[in-house]
Amino acid sequence: MDGSRHWISLVMMLAILAGVTATIQLRGASDAADGGSTLEALRGESSANEEKSSAVRSNSFVPPETFPVTIRKPAGPPRVATNLKDVHGEAVTVACSTCHSTRSPNLQNKTPQSLDEFHSGMKFSHGTVSCLSCHNAADYDSLQLADGHRVEFTDVMTLCGQCHGPQMKDFEHGAHGGLNGYWDLSRGPQQKNNCVDCHNPHTPQFPKMQPTFKPKDRFLEQSRSEH
Amino acid sequence: MTANARKKRNVAALKHAVRSYPGFLWWGLGQATNGGLGFYVWMIVLTAIALVGANAWAHQVARGMIVTNMTDHVSWGLYIANFTFGVGLAAGGVMMVIPAYLYDDEDMHKVVIIGEAVAIAAIVMCTLSVLVDLGRPDRFWHLMPVIGRVNWPVSMLTWDVIVLNGYLVINLHIVGYLLYMRYLGRKPNPKWYVPFVFLSIIWAISIHTVTAFLYCGLGGRPFWNTALLAPRFLASAFVSGPAFIILVMRILRITTGFAAPPKPARTLIQIIRVAMTINLVMLASELFTLFYTGGAHGESAKYLFFGSHGHYGLVPWIWTAIACNLIGTGLFFMPDALERSNTRIAACILCIVGIWIEKGMGLIIPGFIPSTLHEIVEYTPSLTEWKVTAGIWAFGFLLLTVLLKLITTVFAAEAHKTEIA
Amino acid sequence: MTTDNSFPQEPHDGEHLKPLLPILDQPSTRRTLLKTAGAALGLAAFGEALSPLMVIPENVSVDEFLQQHYKELTDEDKKKVFARLEAETKERFGADVTITDSKPIPGVRFAYAINVSKCNGNGKCMEACNKENNHHRGVDQSYIRVLEMTKGSMDMENGSTTYDHTVPQDDKFYLPVQCQQCDNPPCVSACPIEATWKEDDGIVVVDYNWCIGCRYCEAACPYHARRFNWELPEIPPEEVNPNQGYLSNRIRPQGAMEKCHFCLHRTREGRAPACQEACPTGARVFGDLNDPDSAINYVLKNKRVFVLKEELGTKPSFFYFFD
Ligand code: SF4
Ligand code: SF4
């Protein structure tokens with residue numbers, strides 16, 4: 001045959017290639033053989049995982065071990081600085097009630113502008129509520145709900161939640177306020193912010209920020225992109 | 001030595017040369033590297049450019065792709081542009097096979113082998129263009145079937161790798177077989193090559209279609225995401241391939257006196273006329289859709305043709321391409337182009353340049369500008385990229401020269417033999 | 001065939017009678033000698049030109065060169081590979097790290113949502129990503145890009161990522177974009193060698209040691225989510241995050257592709273992703289799509305949710321919503 005010689009060389013080249021391939025394959029095959037038992041081990045591990053997570057979901061009677069969700073709390077009623085130092089040189093602070101117990105409350109007051117003695121420089125921008133909508137006239141070291149019930153500063157979220165129902169609902173479902181720690185409570189605990197961690201109660205709008213980080217992509221180097 | 005003695009010796013050489021394929025290849029290599037001073041200067045210059053390219057690439061591998069001007073925004077550049085053009089050239093090289101075999105055009109048969117040689121060189125260039133574009137060329141074996149892990153049939157790039165290599169093998173076989181038979185002084189047996197010729201015709205269309213699918217299959221890039229891309233690629237391949245072959249034939253005639261009959265070139269010009277017209281019509285309808293409907297889809301085109309948001313990087317390129325294509329097409333339609341004239345040569349060069357830009361800087365790059373998040377980051381190839389690209393072209397020309405030298409030698413020797421007989 | 005008298009090549013001397021090995025058969029004329037010398041010179045020159053490639057054998061060990069695809073590695077292989085990578089990290093970056101291989105939690109499918117009403121574009125998530133994921137410090141790389149968008153338009157054409165003023169601006173809203181962990185990921189279909197794939201929990205990962213750096217996936221991704229290592233990342237030793245995952249935040253090699261992996265070395269251990277913890281506005285919600293009580297399902301059920309470029313059919317696992 002005319003072309004047979006030509007073909008034989010072609011086939012030979014292919015054969016050489018196949019030989020190289022086979023050698024490399026053999027290497028791989030021996031590796032795979034080693035790994036047989038480990039594969040089993042792997043499967044075992046994953047089925048263990050399966051049990052754990054299905055327990056989380058299927059309300060089976062073995063209650064899954066869950067870790068707590070901790071919501072940060074304010075330390076307590078605020079303390080007001082006095083610019084005085086005690087004998088140990090520590091700053092002296094006083095409770096709200098120190099002053100407020102000596103004067104009668106003004107139920108009408110809604111803005112710092114109408115205050116002439118204290119709190120006059122304060123910024124306030126929180127709808128049309130008055131000071132005593134939230135602060136407890138009966139005890140300035142606590143807060144009060146709309147129905148007049150006393151509520152501690154540490155439980156401020158109960159107070160905010162009266163008006164901000166949708167936010168409260170989002171918060172309860174993990175869609176407001178962010179989180180730290182674990183998304184999967186079967187594996188670890190979670191920490192969440194409370195309202196006043198992020199929102200100043202007097203000016204609750206989230207503050208403006210200055211971006212501090214920008215990727216310095218190559219295109220931001222003008223010399224590279226703007227030829 | 002008299003001319004007659006020389007002829008005799010050549011006949012003897014043909015008769016008694018070693019009768020094995022590797023032997024033929026070795027003989028061919030010897031023949032292909034013989035030549036006059038001009039030939040050696042040409043080869044040395046090409047080698048020098050290839051060396052510069054190889055060195056630039058080696059530095060790129062060592063330091064990272066940071067030495068290119070590509071970015072995460074424009075993540076493909078000159079290399080892939082060049083690759084796209086090369087695939088067109090490779091496909092186009094075989095286009096001339098179609099009239100030869102379908103219409104049994106005798107004259108055409110004789111120049112077909114030049115087209116095949118161009119195809120081989122172009123495919124090698126394509127492969128190199130892809131190789132230099134890889135961030136990890138040391139892991140190239142991951143791309144090989146069996147030892148690697150190919151994502152077939154899903155990935156268009158896998159398809160492309162497969163069809164390009166298949167195309168290379170087919171054409172190597174055809175060229176090798178035809179030349180070997182002539183070398184042995186036998187008549188090629190159609191059984192051994194005609195089926196492959198037909199296969200290579202289909203394959204030529206497929207390599208360019210698959211390459212177009214590589215781009216137009218990406219929904220996130222509206223500029224590429226058009227059904228017209230594959231037909232446009234084919235049409236322009238029918239131009240750049242034959243145009244390149246006409247140039248090659250002209251150069252061969254001047255340097256080696258290997259003169260093809262005038263008819264094939266005329267057929268090629270006819271092909272180019274039709275193909276270029278179709279190409280321009282498709283380009284026009286593409287532009288109509290982009291600009292008439294407007295919107296975000298047209299943003300790349302707007303940037304390409306007129307600039308956008310104060311960036312005009314590609315505007316000079318595309319208008320150069322348009323001018324080249326229009327003037328080139330005009331020249332092709334002049335009666336003069338059917339003769340061995342300078343008009344024909346000028347037309348070929350213009351169209352090749354025009355299509356090179358149109359497929360590269362005019363298609364690959366604007367696909368990335370604006371980016372998928374609509375940021376505008378411009379791109380100009382870096383010096384390294386130009387060096388590497390020049391190196392690849394030089395290597396392609398080296399290969400082509402050697403192949404053509406081999407072809408002309410075998411053909412000329414055979415001609416002498418028939419003369420004596 | 002037209003013939004020509006200027007027969008192109010020089011005649012051969014010597015006899016060609018015996019079909020011997022052609023090499024031995026070639027006469028040793030001056031020309032052949034010159035050609036041999038020329039070829040030798042050419043080869044030597046190519047060797048010299050390519051000499052910078054010698055960094056490959058220096059930097060790439062034989063084991064690394066022959067390393068198989070992640071899915072073909074046995075546990076034994078992985079142990080060796082991780083040990084090698086840890087040693088290399090020590091050597092090149094001067095940091096002691098542990099590389100782990102967290103597996104998808106069976107039955108869990110991750111999704112992420114961003115509250116567009118809340119995000120104020122401060123970019124803390126980008127910064128956290130940079131630190132957590134051992135990104136290249138030279139370019140302050142991050143998987144997240146925050147777009148400042150003009151109100152009244154969802155057209156990213158009107159967006160900007162380079163804004164540098166106090167945020168939020170009154171006439172703007174902010175759209176952080178990172179990998180959308182598509183359910184129909186075009187990047188995965190694009191990759192010619194399966195170096196990137198979708199895992200059972202929905203995370204699309206890259207084997208940085210298998211990727212050849214062709215960047216086709218980067219062209220295919222409609223969300224600009226992929227990043228290429230144009231050079232070897234640089235990180236001061238004290239800033240290297242030692243808790244590393246093979247498929248996630250280990251320091252990437254030069255020339256490989258990378259992308260957001262939902263911090264899988266954290267999330268597959270049950271922890272929140274770094275960008276979520278870092279967000280000061282609480283705009284980010286992350287969780288398990290398969291758990292009906294998860295935060296993410298609450299958002300999907302109760303908010304006005306949309307995805308980016310829905311028309312492309314990528315089916316993102318990443319959502320945006322308004323309050
Ligand atoms: S966003 Fe991009 S990188 Fe991420 S899965 Fe989708 S296509 Fe892939
Ligand atoms: S760059 Fe890597 S991951 Fe992306 S397509 Fe190429 S090989 Fe695959």
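Labels below follow one simple rule: chain letters A, B, ... track the order of the sequence lines, proteins then strands, and each chain is numbered from 1.
Only the side chain of C/Asp323 comes within contact range of chain A, with heavy atoms under 4.5 Å apart. Contacts of C/His165 with chain A are made by backbone atoms alone, with heavy-atom separations under 4.5 Å and no side-chain atom involved. Of the two parts of C/Val299, only the side chain, counted from C-beta on, holds a non-hydrogen atom closer than 4.5 Å to a non-hydrogen atom of chain A. For C/Tyr174, no part lies under 4.5 angstrom from a heavy atom of chain A. Contact of A/Asn193 with chain C is not made at all, since no heavy-atom distance falls under 4.5 Å. Neither the backbone nor the side chain of C/Asn297 comes within contact range of chain A; no heavy atom of the residue lies under 4.5 Å from a heavy atom of that chain. In this structure, chain A has a heavy atom under 4.5 Å from the side chain of C/Asn120, while its backbone stays farther away.
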Salt bridge (Lys or Arg N to Asp or Glu O under 4.0 Å) between C/Lys303 and A/Asp170, intermediate numbers included | CA-CA 10 Å; C/Lys303 301 290 179 178; A/Asp170 285 356; 2.5 Å; yes
Take C/Asp164 and A/Gln210 through the test side-chain contact (heavy atoms from CB on, under 4.5 Å) and record every step on the way to the result.
-> CA-CA 8 Å; C/Asp164 191 17; A/Gln210 179 67 36; 3.5 Å; yes
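With a 4.5 Å cut-off on side-chain heavy atoms, C/Val167 and A/Lys208 do not count as touching. Side-chain contact check for C/Lys118 versus A/His176: some heavy-atom pair is nearer than 4.5 Å. The closest side-chain heavy-atom distance from A/His173 to C/Asn302 is not below 4.5 Å.
The distance from the CG atom of C/Asn122 to the OG1 atom of A/Thr212 is 7.5 Å, given to the nearest 0.5 Å. With values rounded to the nearest 0.5 angstrom, C/Arg271 atom CZ is found 12.0 Å from A/Leu179 atom CG.
The candidate with the highest count of non-hydrogen atom pairs below 4.5 Å against chain A, out of C/Asn130, C/Thr281, C/Val285, C/Thr166, is C/Thr166. Most heavy-atom pairs under 4.5 Å with chain A, from the set C/Ala283, C/Ser294, C/Pro280, C/Ser142: that is C/Pro280.
Minimum heavy-atom separation, A/Pro211 to C/Gly121: CG-O, 4.2 Å. The two residues A/Phe213 and C/Met126 have their closest heavy-atom pair at O-CE, 3.5 Å. The two residues C/Lys124 and A/Met209 make their nearest non-hydrogen contact at CE-CE, 4.3 Å. Nearest heavy atoms, C/Gly270 versus A/Arg187: CA-CD, 3.6 Å.
With hydrogens and angles ignored, the 3.5 Å screen pairs no side-chain donor or acceptor of A/Trp183 with any backbone N or O of C/Phe286. A donor-acceptor pair is defined here as one N or O able to donate and one able to accept, closer than 3.5 Å; no such pair exists between the side chain of A/Lys214 and the backbone of C/Gly123.
By the 6.0 Å contact criterion, CZ on A/Arg150 is enclosed, its count of non-hydrogen atoms from other residues, nucleotides or ligands being greater than 12. Within 6.0 Å of CG on A/Asp147 lie more than 12 heavy atoms contributed by other residues, nucleotides or ligands. Residue A/Asn109 places its CG atom among more than 12 non-hydrogen atoms of other residues, nucleotides or ligands, all under 6.0 Å distant. Open room surrounds NZ on A/Lys123; 12 or fewer heavy atoms of other groups in view lie less than 6.0 Å from it.
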